[in-house]
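We use all heavy atoms of the structure for the numbers below, so side chains are in, but hydrogens, waters and symmetry mates are not. Note on naming: letters A, B, ... go to the chains in the order of the sequence lines (proteins, then strands), and numbering restarts at 1 for each one.
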Amino acid sequence: MSTAREEILGRLRAATADVSTPVGHRGEVPVIQEEGESEQATVELFVENVADYRAEVVRCGPDEVAAAVADALRRRGSRSVVVPSGLDASWVAGLAEDGVELRPDSALTADQLDEVAAVVTACRVGIATTGTIVLDHADDQGRRALSLVPDHHVCVVGVDQVVHDVPQSLGRLDATRPMTWISGPSATSDIELDRVEGVHGPRNLDVIVVG
Amino acid sequence: MSTSPADHGAPPTGDVGAGPTAYPDEPAPLQRTSATFLGMPSFQTAAKAALADTQQRRNLAHATATIRGKRAAVVAEVEAWEELRVAGAAAKDEVLHHLPHYLEQLEENLTARGATVHWARDAEEANRIVVGLVQERDADEVVKVKSMATQEIELNEALEAAGIHAWETDLAELIVQLGHDRPSHILVPAIHRNRAEIREIFLREMGEVGRPAPEDLSDEPARLAEAARLHLREKFLRAKVAVSGANFAVADTGTLVVVESEGNGRMCLTLPETLISVVGVEKVLPTFADLGTMLQLLPRSSTGERMNPYTSMWTGVHAGDGPQDVHVVLVDNGRSHVLADPVGRDALRCIRCSACLNVCPVYERAGGHAYGSVYPGPIGAVLNPQLRGTGSDVDKSLPYASSLCGACFEACPVRIDIPALLVHLRTQVVDEASGRSVEALGMKAAAWTFADHRRLEAAQRAATVGGRLLGDRTIRTVPGLGAWAQARDVPTPPKETFRQWWRRTHGDGAGTDGTGTDGTGTDGRTA
Ligand code: SF4
């Protein structure tokens, strides 16, 4: 008896015996994307589209990140925050003085993460046409659970990280890394096809655009 | 005209050579129709019952109108939409034409990255594999991300039979599961339920299987969503095994992609130790770069958003991040049978966006349950008889569950010409039923008409200009339309059957050259 694998591949081969074109016949994968008018216009579109999902977006200068992070946590009443190991320490400096508890990620369990109010991360890429931030979970973003279980996600995006359209983002991403593409806070359209924010992922998303 | 309508089955020229090829010994097997849908009445009968349910009709009309508007707005934003559709279709065709090659590449990359790949010929084998993996890990429950493939193979039933609880975590799936109901839409399986009904289900059922709904639960969508969040969180935090599907499986990298909204997908894909993904063999994409096309097409077509809230990608096992025990089950279950038909195989391009459901006038009125499958709507009308054959009443009737108005093709992000495929299937149904009956010839003529856009347009022009052959009332009696019209609770003008009409207008032996059906292309909604 042949194995399932051989049998399925055999059936599929027989089913496509009529195909005479070789693999890759279609040529290069077409890159269909919108180009931004200027870097500035792209960043503005990114900000507009992220805000459209009812995420909070603020823009600030490179030396104002810590203040913007502190502000976001205060606004949502988040009193504890998990900090990925590679996060720029200056972004969370001074939070302790604010009375916010900093939790470095020392193999916190999911239950422990569930007790933490917020997480602060960097990101890998921002996409303007869709208002998306892409995490590839490098050390400045932390493993996937960190930006998932706490109910409040503060994400810091550099303007040089923002690309205009989806295909451009792929050029900056490494497929061998785990990835989470985030477009607004968690939401559902399952009740009468109307979008409602706030289900299992973080219900509050703050995006800080730097530069 | 000299072209015989029987020629319609010939494959398109250029890319393909010989006709459909059988597996050396026997044709690839069909999917076995599950007990759930065995004995389902024909679509028309079931639709008639659905039409009587005014609440459901109102729910559906409201929901599909909402989503149609959203989709239209975000699609209009993309100037190159048509180019994207062409590229999306080309990417899927590349895969489908060389499926063994891409599956082997996918397997190689997954294995190299630490995942274990399993192959399942049919539903039973897939279920056996998944149940076995769960049992080996001593788990008595799994959390599940919404997945058409696992619904198709009825994995939940198989797990329950083995004493393993399968918790659906997608909000709509949860509503369906708690309501002891069946899904009626690809994207929003509980589309037939309104907020008041959902509230009742939550209040009644949540406490039976976990954390009860708050007593003061209102029917505000935000409160309902919060109830689901609270109910499921304990399950996410303790689950050891998750089961998912995949929207895409990228051959050249081994990356699996799950597109979702709520974060329940992320929970399942991240927190448990073991992740089992059940993936239909047609879900493969050739390259990572193809995601640049698909991730533009899918969200805008599906939920009518520029991008869905969350998309997760993982490539095998990622050390120190997420499940360390990763399995992928590649499922055939009738797909090789569909692939063997050079015309019908286009249906395997489907990325399950559900745009065709939302624009379909027949779906909007009949609802999803009448299709007798987890795949409802226009794509279900095509795919179910292809996967399961046309042995049952419901599968025989599905190719007629359409007015052939063409809205589904216009909406489809991967350009599946659903009306043409429906007509193609009608010829098969008739061939099987009665050999070369009068209807068979009529259908073949219709197939011939629909197979070529110029002929179709000419036919439509003819029908509009003078109703030359059909007059103004016989439109309802052409194949397909007649079937649908009869399922509606409105008086159907023609007193004669299609057969009678054909005899009257053509005589018994007439019509073999396909010229008699010039009017079949008329939009059903105008009839
Ligand atoms: S057939 Fe096309 S429109 Fe319908 S669900 Fe599939 S991809 Fe979407």
Side-chain angles (χ1 to χ4, degrees), chain A residues 3-5 7-21 23-26 29-34 49 53 110-111 114 129-132 137 143-145 148 166-167 170 175-194 196 198-201, chain B residues 15-18 21 23 28 63 66-67 80 83-84 87 90 94 97-101 119-121 171-172 188 194-195 221-222 224-225 229 237 253 255 261-264 266-267 270-271 287-290 292 295-296 303 306-307 309-315 318 321-322 332 336 339-340 342:
Chain A
T3 65
R5 179 183 187 278
E7 200 173 317
I8 292 168
L9 289 172
R11 282 180 199 165
L12 295 172
R13 233 170 253 126
T16 49
D18 61 305
V19 176
S20 54
T21 51
V23 170
H25 175 70
R26 67 172 171 152
V29 177
V31 178
I32 301 161
Q33 63 191 2
E34 212 178 83
N49 282 339
Y53 296 123
D111 283 307
D114 199 30
T129 54
T130 59
T132 303
H137 302 283
R143 60 198 167 93
R144 283 173 280 175
L148 172 63
V166 176
L170 294 176
T176 63
R177 297 205 54 82
M179 272 180 262
T180 309
W181 295 43
I182 297 171
S183 309
S186 84
T188 181
S189 305
D190 281 355
I191 302 164
E192 301 177 7
L193 271 175
D194 242 343
V196 185
V199 201
H200 304 294
Chain B
D15 200 29
V16 284
T21 313
Y23 186 60
T66 307
I67 194 79
E83 279 170 64
L84 282 169
E94 169 69 23
H97 290 174
H98 307 286
L99 200 45
H101 166 84
W119 299 75
R121 280 166 280 217
L171 180 51
V188 195
N194 66 17
R195 57 186 76 188
L224 295 170
R229 177 186 171 94
L237 294 180
T253 58
T255 306
S261 295
E262 297 165 15
N264 62 308
R266 293 175 69 191
M267 290 280 177
T270 305
L271 298 183
T287 71
F288 191 67
D290 285 306
L295 290 180
Q296 292 186 75
T303 44
R306 297 188 181 100
M307 191 63 89
Y310 299 132
T311 297
S312 295
M313 302 188 193
W314 71 102
T315 303
H318 299 286
D321 188 346
D332 181 340
S336 49
L339 190 67

Counting heavy-atom pairs under 4.5 Å to chain B, which of [options] comes out on top?
options                : answer
A/R26, A/R143, A/Q33   : A/R26
A/T129, A/T188, A/D111 : A/T188
A/A110, A/S186, A/P185 : A/S186

Considering all heavy atoms of both residues, which atom of [X] and which atom of [Y] are nearest to each other, and what is their separation?
X      : Y      : value
A/V199 : B/A225 : CG1-O, 4.1 Å
A/P178 : B/D321 : CG-OD2, 3.7 Å
B/P309 : A/A187 : CG-CB, 4.0 Å
B/A120 : A/I8   : O-CD1, 3.3 Å

- Message: Given heavy-atom pairs under 4.5 angstrom as the criterion, report whether the side chain, backbone, both or neither of B/T255 touches chain A.
- Response: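 Just the side chain, heavy atoms under 4.5 Å.
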- Item | chain A contact via B/L271 - which portion, at a heavy-atom distance below 4.5 Å |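 The side chain, not the backbone.
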Specify which of [options] makes the most heavy-atom pairs with chain A at under 4.5 Å.
options                        : result
B/A222, B/P221, B/A80, B/G322  : B/P221
B/M307, B/E262, B/M267         : B/E262
B/A87, B/A90, B/S261           : B/S261
B/N194, B/L171, B/T303, B/T253 : B/L171

Would a distance-only check, ignoring hydrogens and angles, find a side-chain to backbone donor-acceptor pair under 3.5 Å from [X] to [Y]?
X      : Y      : value
B/Y310 : A/T180 : no
B/Q296 : A/I32  : yes
B/T311 : A/W181 : no

- Answer with side chain, backbone, both or neither: which region of A/V196 has an atom nearer than 4.5 Å to a non-hydrogen atom of chain B?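 The answer is the side chain of A/V196.
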- Query: Under a 4.5 Å heavy-atom cut-off, does chain B meet the side chain of A/T132, its backbone, both or neither?
  - Reply: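 Only the side chain of A/T132 comes within 4.5 Å of chain B.
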- Item | Partners passing side chain to side chain contact (heavy atoms under 4.5 Å, CB included) against B/A289 (at least two apart in sequence or in another chain) |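 B/A289: side chain to side chain contact (heavy atoms under 4.5 Å, CB included) contacts with A/V29, B/T287.
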- Item | Qualifying residues under side-chain hydrogen bond (donor to acceptor under 3.5 Å, both in side chains), relative to B/T66, sequence neighbours excluded |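 Residues passing side-chain hydrogen bond (donor to acceptor under 3.5 Å, both in side chains) with B/T66: none at all.
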- Message: Would you compute the distance between atom OG1 of A/T21 and atom CD of B/E94 and round it to the nearest 0.5 angstrom?
- Response: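 Reported value, rounded in 0.5 Å steps: 7.0 Å.
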